[in-house]
Amino acid sequence: MDLNPQQEKAVQHKTGPLLLLAGAGTGKTHTLCCRVAKLIQSGVPAHKILMLTFTRKAAEEMKQRIDRLMDQDCPVLAGTFHSIAFNDLKNLGILNNLSGIFDDTSQAKFIRKELKKKCFEAISSYSPREFMRFFSLCTNTMEEEIKIIAAHFPSWLSHSELIHKLKANYCQHKNKLKAYDYDDILCTWSKALEGPNLSLAQQCEYILVDEYQDTSKLQIDILKKLCKQHDNIMAVGDDCQSIYSFRGALPEQISQFSLDFTGAQSLTLEENYRSTQQILDFANKSMLMAKGVIQKKLRSGLDSQGQDPDILFSSYHKTSEKEICKDVYLKRSQGIKFDQQAILYRSTLHCLRLEMELTRQGIPYKKFGSKKITDKSHIKKFAAALSFVFSSEVHQLALNQCLEIIPGLGPKTVEKILLEISNGKQLKDIKLPTKSHDAVHELISFQKMAINKNNLEELIDFTTPLIFNLKEDNRKKLKDIYTISEELRKAQNWDDFYTDIILNMEVDHTDHDELLTLSTIHSAKGKEWQSVHILAVNEGAIPLQSSQNIEEERRLLYVAITRAKKQLKLYVENSKELRESSRFLENLVTLKQSTHKTKHTQNTIVIEPKSNNDFQELTYVSEDRPGTALAQSDMDELTYIPFYD
Ligand SMILES: Nc1ncnc2c1ncn2[C@@H]1O[C@H](COP(=O)(O)OP(=O)(O)OP(=O)(O)O)[C@@H](O)[C@H]1O
């Protein structure tokens with residue numbers, strides 16, 4: 001493919017620092033890879049070129065792109081900051097005494113234990129995860145603790161001394177264990193790069209960084225050291241896609257490039273080669289109110305025409321999952337394969353119902369950013385308990401899984417019980433270890449019950465403490481379990497639910513060469529699909545309820561929107577948890593005024609239709625326009641309608 005003049009200029013760049021600052025889909029990564037290919041063609045040995053990015057997948061993709069451009073395997077060094085740092089430190093012999101990596105689980109466990117100590121009582125109600133975020137921010141921003149507390153955790157200000165002590169204990173503990181956390185790897189690398197060691201700073205003559213807007217201060221410090229002998233650094237990025245402030249990255253940092261790397265040249269790209277102009281207009285509008293970023297107007301360099309993106313409002317009676325599956329099949333019949341379609345969401349909690357529907361409809365999918373609901377062990381155990389309670393005939397595997405959650409029943413006892421059952425004995429008549437007796441009999445008492453809300457809730461209350469340790473934060477796991485039981489309640493009929501969901505859960509799609517993508521927006525970064533659906537564009541979801549950084553949430557929506565090549569649909573939920581549409585949609589919905597007669601009921605507002613195709617039901621009450629509601633017609637048209645109680 002031909003490069004445009006600006007891309008060509010970047011590719012032909014000889015030496016010294018260069019920043020390519022441009023919007024989504026303008027070919028930044030492509031240009032970066034072409035520059036690497038150009039360097040190799042001009043005689044630079046591939047192993048003297050270092051490419052850095054933020055995910056393993058992105059690094060692999062860059063390497064593959066270069067191999068394709070060169071038509072051969074090129075030993076370019078491409079990886080994440082952490083993996084490159086780890087390998088360099090290993091080669092330098094600096095990790096010889098390391099006992100292991102102090103990962104997230106070990107960190108949380110240690111902090112939880114510390115917080116139980118009397119001396120930390122005053123801060124014991126804060127979440128271990130928040131302290132982990134704090135420790136990481138301290139390292140990555142290279143700021144003083146107190147400044148970070150003031151900026152990110154103001155409610156901790158009166159406890160700063162205690163928090164300092166907790167951090168000191170944490171570091172002491174790691175030192176005692178001779179273990180590193182992930183940030184220590186970068187810190188140690190940064191120090192090692194200062195010395196006379198034969199590190200990558202000596203080996204690599206060209207440093208190229210993708211997604212530069214996501215670099216933290218510590219990473220920039222590392223980059224400066226890596227290129228101190230030659231200044232050959234090329235960075236590409238887009239401040240509008242800066243979505244990692246929790247790791248210490250800020251959108252403003254990109255405009256500091258020329259201060260960090262003196263004599264830097266800067267280039268911009270304007271043409272987008274990914275999306276239709278309709279999608280780009282939508283993306284441009286979504287950033288009109290953005291603060292702290294350089295405004296860019298994306299212009300499509302493609303010939304193809306497309307449709308305007310759709311914003312769809314679901315009602316209490318009509319949720320989005322079935323619509324999405326229908327659309328996925330429709331697109332496939334139009335030649336857009338499953339692997340060219342994606343469903344994106346802010347938090348994995350927002351895709352559970354859809355996962356159930358995909359499972360029911362047999363649509364093969366892969367999931368990025370978290371496990372598939374059907375692969376989670378607590379879901380498998382709960383499904384086994386459901387099978388035991390509601391199936392007329394329970395399979396050995398389900399029974400095995402179900403009995404294993406009962407305290408006092410180890411694998412050997414379960415094996416014996418299964419043998420007795422296969423010899424015709426009833427579970428209720430089998431002699432059980434005393435510790436397990438009551439729980440097994442309570443489980444039996446659920447059998448043959450009707451499937452209804454009350455019975456399911458009782459079953460959940462009984463099984464969940466057995467399935468997982470209640471001391472942990474099980475909010476997400478419980479939500480999974482509620483989602484699956486809600487599906488069963490809707491189905492009313494066990495046999496349908498069993499064949500549609502439980503049996504399909506066992507189908508392994510990993511070998512399928514055409515999988516639909518389900519992904520968090522964070523994990524969708526840098527990727528593209530023909531058709532994209534964005535779920536739960538609601539207040540509380542995007543922006544996330546707990547988010548303290550609204551601007552970053554806006555940028556997240558922009559990242560999601562700009563993944564779409566041809567078709568884009570956004571869904572606004574109307575559920576117990578999510579009722580209002582996202583504030584970011586304000587600029588994006590075109591509305592008409594209308595005067596209909598309305599009647600206000602509890603959840604919806606019924607409108608007296610003026611014609612058959614007219615607005616039937618209101619699904620959303622507008623808060624910013626008191627006395628009006630946002631209505632959607634069967635034709636998906638939107639309007640504000642005044643209503644009267
Ligand atoms: N000059 C060009 N002509 C045609 N297509 C191009 C050109 N440059 C890039 N592309 C295509 O445009 C799409 C987007 O490119 P790329 O992923 O490199 O963009 P990007 O700026 O890194 O995007 P993002 O910031 O969203 O990750 C790719 O499909 C790429 O092949």
Side-chain angles (χ1 to χ4, degrees), residues 1-12 18-38 51-55 57-69 78 208-215 234-244 249 251 254 266-277 279-280 282-284 286-287 293-294 296-304 306 336 339-340 342 344 368 517 519-532 534 555-566 568:
M1 107 191 36
D2 293 336
L3 294 167
N4 69 34
Q6 286 295 90
Q7 290 176 328
E8 188 65 46
K9 216 167 157 184
V11 169
Q12 297 296 344
L18 172 69
L19 172 70
L20 193 55
L21 172 61
T26 49
K28 294 184 294 298
T29 310
H30 178 63
T31 308
L32 199 75
C33 295
C34 289
R35 169 126 197 270
V36 171
K38 180 78 198 170
M51 298 183 86
L52 290 159
T53 185
F54 289 86
T55 65
K57 192 129 189 33
E60 271 164 26
E61 259 169 43
M62 284 199 307
K63 234 176 119 28
Q64 282 164 9
R65 282 201 202 193
I66 291 160
D67 291 350
R68 271 200 306 273
L69 285 167
L208 298 101
V209 192
D210 199 6
E211 311 277 9
Y212 186 78
Q213 74 280 353
D214 291 333
T215 45
M234 174 178 177
V236 304
D238 176 8
D239 48 354
C240 294
Q241 294 185 66
S242 169
I243 54 174
Y244 282 108
I254 207 161
S266 178
L267 287 171
T268 54
L269 302 175
E270 273 152 22
E271 257 176 339
N272 170 299
Y273 294 97
R274 176 179 295 145
S275 316
T276 60
Q277 191 57 49
I279 291 171
L280 296 182
F282 194 78
N284 290 333
S286 77
M287 289 302 277
V293 294
I294 301 163
K296 300 172 207 74
K297 206 158 181 198
L298 294 172
R299 199 179 64 230
S300 180
L302 304 174
D303 292 334
S304 59
I336 304 180
D339 57 1
Q340 271 307 310
L344 309 182
F368 293 103
T517 296
S519 172
T520 57
I521 301 174
H522 278 101
S523 303
K525 191 91 173 297
K527 302 194 181 110
E528 56 188 29
W529 294 271
Q530 294 286 342
S531 165
V532 168
I534 308 174
R555 295 193 292 271
L556 264 165
L557 183 62
Y558 172 81
V559 168
I561 292 170
T562 52
R563 299 307 97 201
K565 290 183 171 184
K566 277 207 166 130
L568 175 65

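Every number for a ligand or one of its atoms is a count from 1 in the order of the listing. In this text, all values refer to a predicted model and were calculated from it rather than measured experimentally. Computation of the quantities below employed the complete heavy-atom set of this structure, encompassing side-chain atoms and omitting hydrogens, waters and symmetry-equivalent molecules.
- Applying the 4.0 Å criterion to heavy atoms of Asp2 picks out, from ligand 1, the atoms 1 (N), 2 (C), 3 (N).
- Using a distance-only test at 3.5 Å, with no hydrogens or angles considered, no donor-acceptor pair links the side chain of Lys565 to the main chain of Arg563.
- Interface of His30 with ligand 1, defined as ligand atoms under 4.0 Å from a residue heavy atom, comprises 8 (N), 9 (C), 18 (O).
- Scanning the protein heavy atoms around atom 12 (O) of ligand 1, the nearest turns out to be Tyr273 CB, 3.2 Å.
- Ring-plane geometry between Tyr244 and Phe54 is classed as parallel, the angle between the planes falling under 30 degrees on a 0 to 90 degree scale with a further cut at 60.
- Shown in contact with Thr29 at under 4.0 Å from a heavy atom are these atoms of ligand 1, numbered in order with element: 18 (O), 22 (O).
- Remark: minimum distance from atom 13 (C) of ligand 1 to any protein heavy atom is reached at Glu528 OE1, 3.4 Å.
- Distances from atom 24 (P) of ligand 1 to the heavy atoms of Cys240, Gly23, Gly25, Gly237 show the closest one on Gly25.
- Annotation: side chain to side chain donor-acceptor pair (under 3.5 Å) contacts of Tyr273 (sequence neighbours excluded): Asn4, Glu271.
- Residue-environment remark: NZ (Lys296) exceeds the threshold of 12 foreign heavy atoms within 6.0 Å.
- When non-hydrogen atoms are compared, ligand 1 lies under 4.0 Å from the side chain of Arg65 (C-beta onward) but not from its backbone.
- When each atom of ligand 1 is checked for a heavy atom of Ala24 under 4.0 Å away, the hits are 25 (O), 26 (O).
- Rounding to the nearest 0.5 Å gives a distance of 6.0 Å between NZ of Lys525 and CD of Gln241.
- Less than 4.0 angstrom separates some heavy atom of Gln241 from each of these atoms of ligand 1: 24 (P), 25 (O), 26 (O).
- Here the protein heavy atom with the shortest distance to atom 27 (O) of ligand 1 is Gly526 CA, 3.3 Å.
- Looking at atom 6 (C) of ligand 1, its nearest protein heavy atom turns out to be Met1 SD, 3.1 Å.
- With values rounded to the nearest 0.5 angstrom, Asp238 atom CG is found 5.0 Å from Tyr558 atom OH.
- Contact between Arg563 and ligand 1 is present, with at least one heavy atom of the residue lying under 4.0 Å from the ligand.
- Shown here, atom 30 (C) of ligand 1 is out of close reach of the protein: none of its heavy atoms lies under 4.0 Å off.
- Nearest heavy-atom pair, Gly23 versus Lys28, reported as atom, atom and distance to 0.1 Å: O-NZ, 2.8 Å.
- The side-chain contact (heavy atoms from CB on, under 4.5 Å) check on Leu18 picks up Ala10, His13, Met234, Gln265, Leu267, with sequence neighbours excluded.
- From the protein, the heavy atom lying nearest to atom 20 (P) of ligand 1 is Lys28 N, 3.5 Å.
- For ligand 1, the atoms closer than 4.0 angstrom to any heavy atom of Arg274 are 14 (C), 17 (O), 19 (O), 23 (O), 24 (P), 26 (O), 27 (O).
- For atom 15 (O) of ligand 1, the nearest protein heavy atom (residue, atom name, distance) is Gly27 CA, 3.6 Å.
- Side-chain atoms of Gln6 and Glu8 include no donor-acceptor pair closer than 3.5 Å.
- Put simply, part of Thr26 is less than 4.0 Å from ligand 1, judged by heavy atoms.
- At the top of the distance list for atom 8 (N) of ligand 1, counting protein heavy atoms only, stands Gln7 NE2, 3.2 Å.
- At most 12 heavy atoms of other shown residues, nucleotides or ligands fall within 6.0 angstrom of atom NZ in Lys9.
- Between the side chains of Thr26 and Asn272, no donor-acceptor pair of N or O atoms lies under 3.5 Å.
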